[in-house]
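Whatever order the structure lists them in is the order used to number ligands and atoms, beginning at 1. Sequential numbering from 1 along the given sequence is applied to the chain's residues. As a basis for the values below, the full set of heavy atoms in this structure was taken, side chains included, without hydrogen atoms, waters or symmetry mates.
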Amino acid sequence: MKHSGILIVVSGFSGAGKGTLMNRLIEEYDNYALSISATTRAPRPGEQDGREYFFLDKKEFEQRIEDGGFIEYACYLDNYYGTPKDYVKKQLEAGKNVVLEIEIQGAMKIKKQFPEALLLFVMPPDVAELERRLNGRGTETPEVVAKRLRRASEEAEGIEEYDYILINDDLETCVQKLNEIVGAAGSAPYRNEEFIENIRAELNVLAKGEK
Ligand code: ADP
Ligand code: 5GP
C-alpha cells in the first residue's frame, strides 16, 4: 500500500488509560484518525454505538468476518473485537496517521500484515495504580476486573514485540511523548523517499555542472 500516513497500534493492559490517551490525542492534534472497532461486548453506560465502538451481536460479527470486513479481529475475555477494513485504508491513503487501539493478538496480526506499522504499548506507572484505575473506572464487576488483571499478566509477556513502551503517569506528558515518537518514526528515510530522491537529483545536476 502506498501512503504517507503511519499505521499506529496502541495496546496496553485494561485500565492503563489507552482510551483516555486516545481522546486527548485526537483533541490535541489534527493529523490522527482513530479507528472505531466493532465488538460483541455490551456497551458501558455512556458509550454510544458508532462512537466508542460499533456494537454488534455475535451473529452479525461472524457475518462480517465471513465477508472479509476486518483487517484483524480477536477474542478478548469471551467477546469479539475487530478493526473494520474500509476506514483504515481510506485514512492512510489520505495521509492521516491511523491509530488502532487493540489488544495484543490483533497487534501481532497487524505487525505481520503491515511490517512498517508502529507498535506502542501503554503501561501504568505501577501495578497498584493500574488496579486503582481499573476499579476506579467502575465499569466492570469485581469478577471481570480480576479476569482483566489476569489477562494483563499474560499480555505482559508480549511487550518486547512492540517498538516502544509509553508510561502513562501524567496524561499530558504521555500524549506529548506519543506524538514525539510518531514524529520520529515519520523521519525515517524509507518514509521520505520522494524528498530524498529530489534532493539527490538536484545535487546530481549541481555536481555535473561543476565539472
Ligand atoms: P483503558 O482504555 O486502557 O482500559 P481508560 O482510558 O478507560 O483505560 O482509563 C482507566 C481509568 O484510568 C479511567 O477512569 C481514567 O480516567 C483513568 N486514567 C487514565 N489515564 C490516567 C492518568 N494518566 N492518570 C490518572 N488516571 C488516569
Ligand atoms: P474494552 O472492553 O476495555 O473496550 O477493550 C478490551 C480490549 O480489546 C482492549 O485491550 C482493547 O484495546 C481491545 N480492542 C478494542 N478494539 C479492538 C479491535 O478492533 N481488535 C482487537 N484485536 N482488540 C481490540
In ligand 1, which numbered atoms sit nearer than 4.0 Å to a non-hydrogen atom of Leu171?
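Contacts of ligand 1 toward Leu171, numbered from 1: 23 (N).
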Quick one: which ligand 1 atoms are inside 4.0 Å of a heavy atom on Phe13?
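Near Phe13, meaning under 4.0 Å from one of its heavy atoms, ligand 1 has 3 (O).
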Would you mind checking which non-hydrogen protein atom is closest to [atom], with the distance to 0.1 Å?
atom: atom 10 (C) of ligand 1; value: Gly15 O, 3.7 Å
atom: atom 7 (O) of ligand 1; value: Arg137 NH1, 2.8 Å
atom: atom 8 (O) of ligand 1; value: Gly17 N, 3.1 Å
atom: atom 20 (N) of ligand 2; value: Glu72 OE2, 2.7 Å
atom: atom 18 (N) of ligand 1; value: Arg133 CD, 3.9 Å
atom: atom 2 (O) of ligand 1; value: Gly19 N, 2.9 Å

Within a radius of less than 6.0 Å around CD of Glu27, do more than 12 heavy atoms belonging to other residues, nucleotides or ligands occur?
yes
In terms of heavy-atom contacts, does OH of Tyr190 have more than 12 from other residues, nucleotides or ligands at under 6.0 Å?
yes
Show me which atoms of ligand 2 lie under 4.0 Å from any heavy atom of [X].
X: Ala74; value: 22 (N)
X: Ser37; value: 16 (N), 17 (C), 18 (C), 19 (O)
X: Gly106; value: 22 (N)
X: Arg148; value: 1 (P), 2 (O), 3 (O)
X: Arg44; value: 1 (P), 2 (O), 3 (O), 4 (O)

From the options Asn135, Val10, Thr20, select the one whose nearest heavy atom is closest to atom 16 (O) of ligand 1.
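The nearest heavy atom belongs to Thr20.
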Examine the proximity of ligand 2 to [X] and report which part, side chain or backbone, both or neither, has a heavy atom under 4.0 Å away.
X: Glu52; value: neither
X: Lys109; value: neither
X: Tyr81; value: both
X: Gln105; value: neither

Taking the side chain from [X] and the backbone from [Y], do they hold a donor-acceptor pair closer than 3.5 Å?
X: Gln105; Y: Cys75; value: yes
X: Gln63; Y: Glu66; value: no
X: Arg191; Y: Ala185; value: yes
X: Ser187; Y: Gly183; value: yes

Taking 4.0 angstrom as the limit, do [X] and [Y] come out as a salt bridge?
X: Lys85; Y: Glu72; result: no
X: Asp78; Y: Lys147; result: yes
X: Glu62; Y: Lys59; result: no
X: Arg133; Y: Glu129; result: yes
X: Glu180; Y: Lys177; result: no

Cation-aromatic face contact Lys111/Tyr162, 6.0 Å, 45 degrees:
no
Taking distance alone, with N or O pairs closer than 3.5 Å, would you say [X] contacts ligand 2?
X: Gly12; value: no
X: Arg41; value: yes
X: Tyr76; value: no
X: Glu101; value: yes
X: Glu103; value: yes

In terms of ring plane angle, is the pair Tyr29 and Tyr32 parallel, tilted or perpendicular, where the classes change at 30° and 60°?
perpendicular
Would you say Ala16 contacts ligand 1, with heavy atoms under 4.0 Å as the rule?
yes
Is Ser14 in contact with ligand 1, taking contact as a heavy-atom separation below 4.0 Å?
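The answer is yes, since Ser14 has a heavy atom less than 4.0 Å from ligand 1.
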With a 4.0 Å heavy-atom cut-off (strictly under), which part of Asp169 contacts ligand 1: side chain, backbone, both or neither?
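Just the backbone.
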Is the centre of the Phe55 ring less than 6.0 Å from the centre of the Phe61 ring?
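Between Phe61 and Phe55, which both carry aromatic rings, the centre distance is not below 6.0 Å.
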Out of curiosity, is Glu155 lining ligand 2, as in a heavy atom under 4.0 Å away?
no
Taking only non-hydrogen atoms of Tyr53, do any sit less than 4.0 angstrom from ligand 2?
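Flag set, Tyr53 near ligand 2.
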I'd like to check whether Asn168 has a polar contact with ligand 1, where a contact means an N/O of the residue lying under 3.5 Å from an N/O of the ligand.
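By distance alone, the answer is yes.
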Ala117 and Ile110: which non-hydrogen atoms are nearest, and at how many Å?
CB-CG2, 4.1 Å
Quick one: closest heavy-atom pair of Gly46 and Arg51, and the distance?
O-NH2, 2.8 Å
